[in-house]
Amino acid sequence: MKNSNKAIEGISLILARHKLVPMDELQALMHTYKSSDDIAFEDFLIEEDLVTKDDLLQAMSEYYSVPALDVVGEFFDHYLLSLFPKNILLRFAFIPYTRQADILTIVAAEPDYPELARIISQFITHDLAFMVGLNNDIIESVNEFYDESITYQPNHIANAQMERSAGSVHPMDLSGDDLLEDQQPCLLDENIPCIIEENDDDYETF
């Protein structure tokens, strides 16, 4: 997934300001990236060995004004991931990380993507908080989860539902053209439930 020009320039300038990439190489760097295959800018920087992962995550955190997380090796809750169709997670490069009270923290490659909160809100009733992570690492974590949890079934929903706090996340009107046909959430994968009610018993530790 290609980054926006604004994100590319912003992250590049932060890397240059911190003397992680020479300023005089920025234009050539961005030109090379724009002519590359469909790859996220941060993955391009890592593949070209232009910056370390830690330095890049730090720059991304500064650009997006959210905490950064290296998702490699992190534990992701089965139930939280089962709330989302696999192809939605992959298409928009995000993964649910933790839930505290009624706040769900999402790690996304582009946490400022304009439609991301509205897309996520079709599947959950939580308020949202965001972190930023590397696109390729998020994709690999999602694929690994689905590869390893084919037989996993979420716990039975038995207790009272957890309601969304008023007005913090706005639902998407699925009757319009907000999503392409292959993005329609409840129709994407009949094996993945479109769940909008959760309770505390569904968050056991495995």
Side-chain angles (χ1 to χ4, degrees), residues 1-15 26 30 33-34 36-46 56-71 76 80-81 83-100 102-143 163-189 192 194-196:
M1 180 175 66
K2 286 274 192 177
N3 299 78
S4 67
N5 289 335
K6 180 181 177 182
I8 295 168
E9 293 172 3
I11 294 171
S12 296
L13 288 173
I14 290 170
L15 292 171
L26 277 180
M30 289 187 284
Y33 168 70
K34 290 175 182 177
S36 65
D37 294 331
D38 188 18
I39 183 175
F41 182 57
E42 60 267 25
D43 296 332
F44 168 78
L45 294 175
I46 293 293
L56 180 54
L57 284 170
Q58 199 168 32
M60 293 170 65
S61 175
E62 183 176 340
Y63 175 75
Y64 290 109
S65 298
V66 297
L69 179 71
D70 182 356
V71 302
F76 292 96
L80 293 179
L81 270 84
L83 297 176
F84 300 92
K86 178 181 179 181
N87 54 348
I88 286 290
L89 295 171
L90 295 177
R91 185 179 184 89
F92 298 101
F94 73 90
I95 189 168
Y97 180 45
T98 59
R99 176 235 180 184
Q100 292 185 330
D102 63 344
I103 299 176
L104 181 65
T105 298
I106 299 288
V107 184
E110 289 191 82
D112 67 347
Y113 179 68
E115 297 299 320
L116 186 58
R118 295 208 302 148
I119 291 164
I120 292 171
S121 73
Q122 299 310 297
F123 304 95
I124 53 93
T125 60
H126 305 69
D127 291 330
L128 299 176
F130 286 96
M131 302 179 75
V132 66
L134 298 180
N135 181 90
N136 193 54
D137 289 348
I138 292 172
I139 298 303
E140 289 185 358
S141 294
V142 171
N143 283 324
E163 298 290 348
R164 180 195 295 115
S165 296
S168 55
V169 182
H170 302 288
M172 179 183 299
D173 180 7
L174 294 181
S175 63
D177 297 324
D178 296 84
L179 293 179
L180 299 176
E181 182 179 349
D182 64 347
Q183 297 171 285
Q184 297 295 333
C186 294
L187 303 177
L188 291 171
D189 191 337
I192 304 298
C194 180
I195 299 176
I196 60 172

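This is a predicted model, so every value here is computed, not measured. Values below: all heavy atoms of this structure, side chains included; hydrogens, waters and symmetry mates excluded. All residue numbers refer to positions in the sequence shown, counting from 1.
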Could you check if a side-chain atom of [X] sits within less than 4.5 angstrom of a side-chain atom of [Y], using non-hydrogen atoms only?
X      : Y      : result
Phe84  : Ile120 : yes
Lys86  : Asn143 : yes
Val71  : Tyr97  : no
Asp127 : Leu104 : no
Ile11  : Leu56  : yes
Tyr113 : Ile119 : yes
Ile106 : Leu128 : yes
Pro111 : Phe94  : no

Once you round to the nearest 0.5 Å, how far does [atom1] of [X] lie from [atom2] of [Y]?
X      : Y      : atom1 : atom2 : result
Leu81  : Leu89  : CG    : CG    : 6.0 Å
Ser65  : Met60  : OG    : CE    : 12.5 Å
Thr105 : His126 : OG1   : NE2   : 10.0 Å
Tyr63  : Glu9   : OH    : CD    : 8.5 Å
Met131 : Ile95  : CE    : CD1   : 12.5 Å
Phe41  : Leu134 : CZ    : CG    : 12.5 Å

Quick one: closest heavy-atom pair of [X] and [Y], and the distance?
X      : Y      : result
Ala129 : Ile103 : CB-CG2, 3.9 Å
Leu116 : Ala108 : CD2-CB, 3.8 Å
Val132 : Val107 : C-CG1, 3.9 Å
Leu80  : Pro96  : O-CG, 3.6 Å
Ser61  : Pro67  : OG-CA, 3.9 Å
Ala93  : Asn135 : CB-OD1, 3.3 Å

* Donor-acceptor under 3.5 Å (Asn136 side chain, Asp43 main chain) ->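 No, Asn136 side chain to Asp43 backbone: no donor-acceptor pair under 3.5 Å.
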* For the pair Glu62 (side chain) and Gln58 (backbone), establish whether a donor and an acceptor sit closer than 3.5 Å, ignoring hydrogens and angles. =>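 No.
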* To do: Would you check if the distance from the ring center of Phe130 to the ring center of Tyr64 is below 6.0 Å?
  =>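 Centroid distance Phe130-Tyr64: not below 6.0 Å, so no.
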